Peer 1: 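Starting off with a structure, shown below.
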Amino acid sequence: MIKLINTEKAPGAVGPYSQGVEIGNLIYTSGQLPIDMSTNKLIIDDIKQATKASMDNLKAILEEAGSDLDHLVKTTIFVTDINDFETINEIYASYFEEHKPARSLVEVSKLPKGANIEIEGIASKK
């Protein structure tokens with residue numbers, strides 16, 4: 001059975017998709033843009049803050065689904081400038097202690113709304 005995940009603690013979907021989907025013991029999140037939920041504004045001028053916002057949004061969706069970052073199995077990070085790789089790693093790593101999910105990071109030509117980063121994840125339930 002598929003369960004759709006929706007939380008007001010992360011940006012709403014801007015198209016015909018869900019913030020997340022749960023099936024069995026797995027949670028799949030849609031890509032999270034760097035929207036600061038306290039201002040509802042897209043962060044585009046600071047890759048550190050943008051990475052943090054995307055990770056916070058991913059975390060909020062997982063928590064709504066009864067999971068957390070410690071149960072994250074895989075992430076995919078899309079960036080518009082691969083030169084931001086080290087800075088993104090620094091912020092990304094701060095969200096994990098010993099647990100390190102599998103990850104891909106790829107440069108793309110454009111992201112929705114002119115964003116510079118988007119992060120999606122797959123997690124297991126607690």
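The shown structure was predicted, so the numbers you read here are calculated from the model rather than taken from an experiment.
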Peer 1: Rounded to the nearest 0.5 Å, what separation is found between the CD atom of E64 and the CD1 atom of I5?
Peer 2: 8.0 Å
Peer 1: Treating Ile, Leu, Val, Met, Phe, Trp and Tyr as nodes and any side-chain heavy-atom pair under 4.5 angstrom as an edge, say whether V79 and F85 lie in one connected cluster.
Peer 2: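 V79 and F85: one cluster.
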Peer 1: Using every non-hydrogen atom in the two residues, find where E118 and L111 come nearest and quote the distance to one decimal.
Peer 2: OE1-CD2, 3.4 Å
Peer 1: Which pair of heavy atoms, one from S67 and one from A123, lies closest together, and at what distance?
Peer 2: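 Of all heavy-atom pairs spanning S67 and A123, the closest is OG-CB, 3.9 Å.
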Peer 1: With heavy-atom distances below 4.5 Å as the criterion, would you say the side chains of T76 and R103 are in contact?
Peer 2: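 Result no, sub-4.5 Å side-chain heavy-atom pair not found.
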Peer 1: Would you say the side chain of I77 lies within less than 4.5 Å of the side chain of I88, judging by non-hydrogen atoms?
Peer 2: yes
Peer 1: Could you tell me if the side chain of T51 sits less than 4.5 Å from the side chain of T87, heavy atoms only?
Peer 2: no
Peer 1: When you measure from the side chain of T75 to the backbone of G121, do you find a donor-acceptor pair of N or O atoms at a distance under 3.5 Å?
Peer 2: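 Such a contact is absent between T75 side chain and G121 backbone.
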Peer 1: With a 4.5 Å cut-off on side-chain heavy atoms, are I35 and N40 touching?
Peer 2: yes
Peer 1: Determine, step by step, whether S54 and K52 satisfy the side chain to side chain donor-acceptor pair (under 3.5 Å) criterion, reporting the C-alpha distance in whole Å, the side-chain angles of both residues, the deciding distance to 0.1 Å, and the verdict.
Peer 2: CA-CA 6 Å; S54 288; K52 183 180 181 324; over 6 Å; no
Peer 1: So which atom in L72 and which in P101 form the shortest heavy-atom distance, rounded to 0.1 Å?
Peer 2: O-CB, 3.4 Å
Peer 1: Check the surroundings of atom NZ in K3: do more than 12 heavy atoms from other residues, nucleotides or ligands lie under 6.0 Å from it?
Peer 2: no
Peer 1: So do the side chains of M55 and I119 get within less than 4.5 Å of each other, counting heavy atoms only?
Peer 2: yes
Peer 1: Rounded to the nearest 0.5 Å, what's the gap from CD on E107 to CG on D84? Could you check?
Peer 2: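 Result: 9.5 Å between the selected atoms.
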Peer 1: As a quick check of understanding, evaluate side chain to side chain contact (heavy atoms under 4.5 Å, CB included) for L33 and L42, giving each step before the final call.
Peer 2: CA-CA 8 Å; L33 295 177; L42 181 71; 4.3 Å; yes
Peer 1: Is D68 paired with K59 through a side-chain N to carboxylate O contact shorter than 4.0 Å?
Peer 2: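 Result for this pair is no, no salt bridge flagged.
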Peer 1: Taking 4.0 angstrom as the limit, do E90 and K48 come out as a salt bridge?
Peer 2: yes
Peer 1: Which pair of non-hydrogen atoms, one from Q32 and one from P11, has the smallest distance, and what is that distance?
Peer 2: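 So the two residues come closest at OE1-CD, 3.7 Å.
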Peer 1: Check whether L105 and L58 end up in the same hydrophobic cluster, where Ile, Leu, Val, Met, Phe, Trp and Tyr are linked by side-chain heavy atoms less than 4.5 Å apart.
Peer 2: yes
Peer 1: Which atom names give the shortest non-hydrogen contact between H99 and L69, and what distance separates them?
Peer 2: CD2-O, 3.4 Å
Peer 1: In chain order, what residues pass the salt bridge (Lys or Arg N to Asp or Glu O under 4.0 Å) check against K113, with sequence neighbours excluded?
Peer 2: none
Peer 1: Would a 4.5 Å heavy-atom cut-off, applied to side chains only, mark I2 and L4 as touching?
Peer 2: yes
Peer 1: Test side chain to side chain contact (heavy atoms under 4.5 Å, CB included) on I117 and F78; report intermediate values, then the result.
Peer 2: CA-CA 6 Å; I117 189 168; F78 304 95; over 6 Å; no
Peer 1: Between K125 and E22 (salt bridge meaning N to carboxylate O under 4.0 Å), is one present in this structure?
Peer 2: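 Answer for the salt bridge query: yes.
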Peer 1: Taking all non-hydrogen atoms of both residues, which atom of S124 and which atom of I27 are closest, and how far apart?
Peer 2: O-CD1, 4.2 Å
Peer 1: Mind running side chain to side chain contact (heavy atoms under 4.5 Å, CB included) on Y95 and D56 for me, showing each step along the way?
Peer 2: CA-CA 9 Å; Y95 282 81; D56 288 346; 2.7 Å; yes
Peer 1: Are side-chain heavy atoms of K110 and T80 found at a separation under 4.5 Å?
Peer 2: no
Peer 1: Please assess E120 against Y28 for the test side chain to side chain contact (heavy atoms under 4.5 Å, CB included), listing each intermediate value before the final yes or no.
Peer 2: CA-CA 8 Å; E120 66 182 24; Y28 296 83; over 6 Å; no
Peer 1: Kindly work out whether a path of hydrophobic side-chain contacts (I/L/V/M/F/W/Y, heavy atoms less than 4.5 Å apart) joins I82 to Y92.
Peer 2: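 Both belong to a single hydrophobic cluster.
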Peer 1: Membership question, hydrophobic clusters at under 4.5 Å side-chain separation (ILVMFWY): are L62 and F96 in the same one?
Peer 2: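 Cluster IDs for F96 and L62 match.
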Peer 1: Is the shortest heavy-atom distance from the side chain of Q19 to the side chain of S30 under 4.5 Å?
Peer 2: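 They are not in contact (no side-chain heavy atoms under 4.5 Å apart), so the answer is no.
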Peer 1: Please check if the number of heavy atoms outside I44 that lie under 6.0 Å from its CD1 is greater than 12.
Peer 2: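 Atom CD1 in I44 is not packed in, count stays at 12 or less.
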